[in-house]
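These notes concern the structure reproduced below.
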Amino acid sequence: MRSVTSLATLAIASLVAAPALAEAFDASDDIIVLGQLEASNAATKTDTPAILTPQPVTIVSADLLEAQGAVSISDTLNYVAGVQANPYGPDSRIDSNFVRGLNALQFRDGMRDVFSFYATIRADPYNFDSVQVLRGPSSVLFGQGSLGGLVNLNSKLPSSEAAGEVSLRYGSFDRKEALVDVTGPITGDLAARFVARVRDAGTQVDFVPDDRIMIAPSITWSPGTATDITLLGLYQEDDGGSTSQFLPVVGTLLPNPNGRLPFDRFIGKPGWDRYDGRLLQGTALVNHRFSESARLSLKARYIDSDLTYFTHYPDSYSNPANPYVLLDPATGTPVIDPLTGVAVRDTNQRTIGLYADGSRARMEIFSTDNNLQLKFDTGANIEHVLLAGVDYSWNHVRKVGGFAFEYIDIYDPDYAALSDFGGGLPQPAGPSEDVEQTQLGFYLQDQIRLWDRVSIVLGARRDRVTSSAFGAPKVKQNATTFRAGVIGEILPGLSPFFSYTESFEPIAGTASNGNPFVPKSGNQYEAGIKYELNPASLITITGYRIKENNRPVDDPTTPDPFDQRQAGSLTSKGIEFEARTELPGRLQLIANYSYNEAEIDGTNQQLENVPKHNASIWAARSFDLPGDIGLRLGAGVRYAGENKSFGFAFPNGITTPDYTLVDGFAEFRWQRWSLAINATNLLGKDYYSACLARGDCFNGAERNVFGTLSYRF
């Protein structure tokens, strides 16, 4: 709590003087945070400024996420209120974020682009102009939106003005990268863009690479001033592995006589363990303006993803408090106690069972979202923006998997003794998942502006979802969700708001009993206030209460630690403070604090791996030096509170300690050249992101430093 208090005090002290300085704000200053007060179309699908939206919206620009050293989509949310980024540490397989204690769904250009776990590779942050975080339910517009919120990635689009950059990067873990982003006109009505990354890198875990090829061409045709047609392509290939090694609690958070397991410990078979994927995407965006008061938007995307995921992880689950077993040196199998019939514990606490798990996945997605926007008045001081739309999505995820079991001295692994299963799946292998799902939704929203001071948002949606697994009879479900919100300016720049929103989230996959998951549902009440200090500054304070039903949780009745069942209801409530401001002298300041209580109803226990407290502060400033040299310096501090986990081996729970991290940034610019140095976890703090009562721990991100040399034109 002392770290939280220090951060909050610093944030408040920095902002107290802001109103007095607002009049001195110079719009010509070098604005580093872009778009915070601009149109927040993630919230309304219309060009509505954030100050007129009765919901918290955060927009992280590409410039800001680069300055903060983000190397993954999860990293882009390190300084966003209400978000726990990388809750299971740096994960080379998926981007994971908790928003208001709940998993956030990922969208790209307003359409969801990830279904199921471990069926695709991570999106590349270099491919996006900004990342939007919408906190709270958004099912009325997006259909498949989680209760806590959603993350929307805005693709880089072609520009009619020629521009570009070429960059070379080198850093920690032997990271070597080349990046290209070029855009400009081809003809008078045709513009194109080309974005690419080539990476050869290691990670903080031995034998786990992080190699990538990403190519994203796009083209925009504007046959007239009223029409834009954009086609976006994406080819991405990742050759990597899993930085999540699921190390046992006993030997990480809890003591082991052999000491603490090193953070770079690899538990697997070098050369066999992998997380290799290929991703193809094609997207079409059509915008047509019939007039100033009528606009049509059409979107469609097809995704084809192939993934090979071979991994090992220790058996910390059958006996989390003491997972180490004694082996018979003659047979290499566990010594069994004849009285109890269970494996004898290894008093040296070195040898542990090792799962070998392999799968090959194929994921296909087709999505489309189409709407018509109409602007009209129903009185002298009553303006409407009416949005009517229909969206459709289809996804099919198929997996073939195999499973095996071995043993390893986790403190001195003999990698050569582990099987590589002939380079293929452990045997026997067979289909492990085959889930198909479709969703059709109709939505209607009316934004009403009264006397140019009060904005009301009303929305309704009807969904029909069909799901099936392994060819079983289809499960059909319907849902209707509503939304209502109001925000009004009671004093210059000061706008309180209130909203009620509902959520309906279809879930791909199956429960431990083999049945498809039924959709989650819930609602949220939220009240808050927004204060616009100046044209580039916004403070938001909000409180909320979320009620969720049908949440997937661990199923303790099965031996597989990853089996899930659907719980009853959950309540998440809390408060959030977020301030983003540009002050005179080209000083950028971001300050956040959030408090969240999230519990499965009736347990009186905080959700595992969900800290109650999060806080952060980021500051950056630009300087002009002699010799036409520009300098930009930035630094940030992030705090995550402790989190707890409960299980049969730890009925009183185990606690993952809180941690505070420091980040830094420096960039020199001269003419068209720039040299940037980024450092995350600058002080090299060792910490655990999460340790779970089921028996495993997840290491936090180690210090990562890299330099980027760029030429812009």
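Keep in mind it's a predicted model, so treat the numbers as computed, not measured. In this chain, residues are counted from 1 in sequence order.
Under the rule for a ring-ring contact (aromatic ring centres under 6.0 Å, His included), Phe646 has no partner lying at least two apart in sequence or in another chain. Qualifying ring-ring contact (aromatic ring centres under 6.0 Å, His included) partners for Phe310, counting only residues two or more places apart in sequence or in other chains: Trp272. With sequence neighbours left out, the ring-ring contact (aromatic ring centres under 6.0 Å, His included) criterion links Tyr411 to no other residue.
Side-chain atoms of Phe263 and Tyr688, non-hydrogen and from C-beta on, do get closer than 4.5 Å to each other. Counting heavy atoms from C-beta outward, Val71 and Glu177 have side chains that stay 4.5 Å or more apart. With a 4.5 Å cut-off on side-chain heavy atoms, Leu354 and Tyr313 do not count as touching.
Side chain to side chain, Asn596 and Ser572 meet the donor-acceptor criterion of an N or O pair below 3.5 Å. No side-chain donor from either of Thr203 and Asp210 sits under 3.5 Å from a side-chain acceptor of the other.
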Test log, rule salt bridge (Lys or Arg N to Asp or Glu O under 4.0 Å), inputs Asp663 and Arg638: CA-CA 8 Å; Asp663 304 321; Arg638 295 177 277 140; 2.8 Å; yes

Checking Asp75 against Asn86 for the side chain to side chain donor-acceptor pair (under 3.5 Å) test, could you report, in this order, the C-alpha distance in whole Å, the side-chain angles of both residues, the deciding distance, and whether it holds? CA-CA 7 Å; Asp75 292 343; Asn86 292 299; 2.9 Å; yes

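Taking the centre of each ring, Tyr355 and Phe405 come in below the 6.0 Å mark. For Tyr639 and Tyr659, the ring centers sit 6.0 Å or farther from each other.
Aromatic ring orientation, Tyr275 versus Tyr309: perpendicular (interplanar angle above 60°, classes split at 30° and 60°). Classification of the His613-Tyr595 ring pair by plane angle, with boundaries at 30° and 60°, yields tilted.
In terms of heavy-atom proximity, Ala693 sits nearest to Ser645 at N-OG, 2.8 Å. Ile73 and Pro125 get closest at one heavy-atom pair: CD1-CA, 3.8 Å. Between Pro87 and Gln84 the shortest heavy-atom distance is CD-O, 3.5 Å.
In summary, Asp306 and Arg362 engage in a salt bridge, as defined by a charged side-chain N under 4.0 Å from a carboxylate O. Taking a cutoff of 4.0 Å between a charged side-chain nitrogen and a carboxylate oxygen, Asp601 and Lys547 qualify as a salt bridge. Ion pairing of Arg694 with Asp696 is present here, as a side-chain N (NZ or NE/NH1/NH2) and a carboxylate O approach within less than 4.0 Å. Taking 4.0 Å as the cut-off between side-chain N and carboxylate O, Arg398 and Glu364 count as a salt-bridged pair. Here Glu237 does not pair with Arg278 in a salt bridge; the nearest charged N to carboxylate O distance is not below 4.0 Å.
Remark: the backbone N or O of Gly700 is not paired with any side-chain donor or acceptor of Glu702 at under 3.5 angstrom. Not one N or O on the side chain of Thr660 forms a donor-acceptor pair closer than 3.5 Å with the backbone of Val637. A distance-only check finds a donor-acceptor pair linking the side chain of Arg112 to the backbone of Val114 [under 3.5 Å]. Between the side chain of Asn258 and the main chain of Gln349, a donor-acceptor pair closer than 3.5 Å is present.
Shown here is Lys573, whose NZ atom has no more than 12 heavy atoms of other residues, nucleotides or ligands within 6.0 Å. Atom CG of Asn604 has 12 or fewer neighbouring heavy atoms from other residues, nucleotides or ligands inside a 6.0 Å radius.
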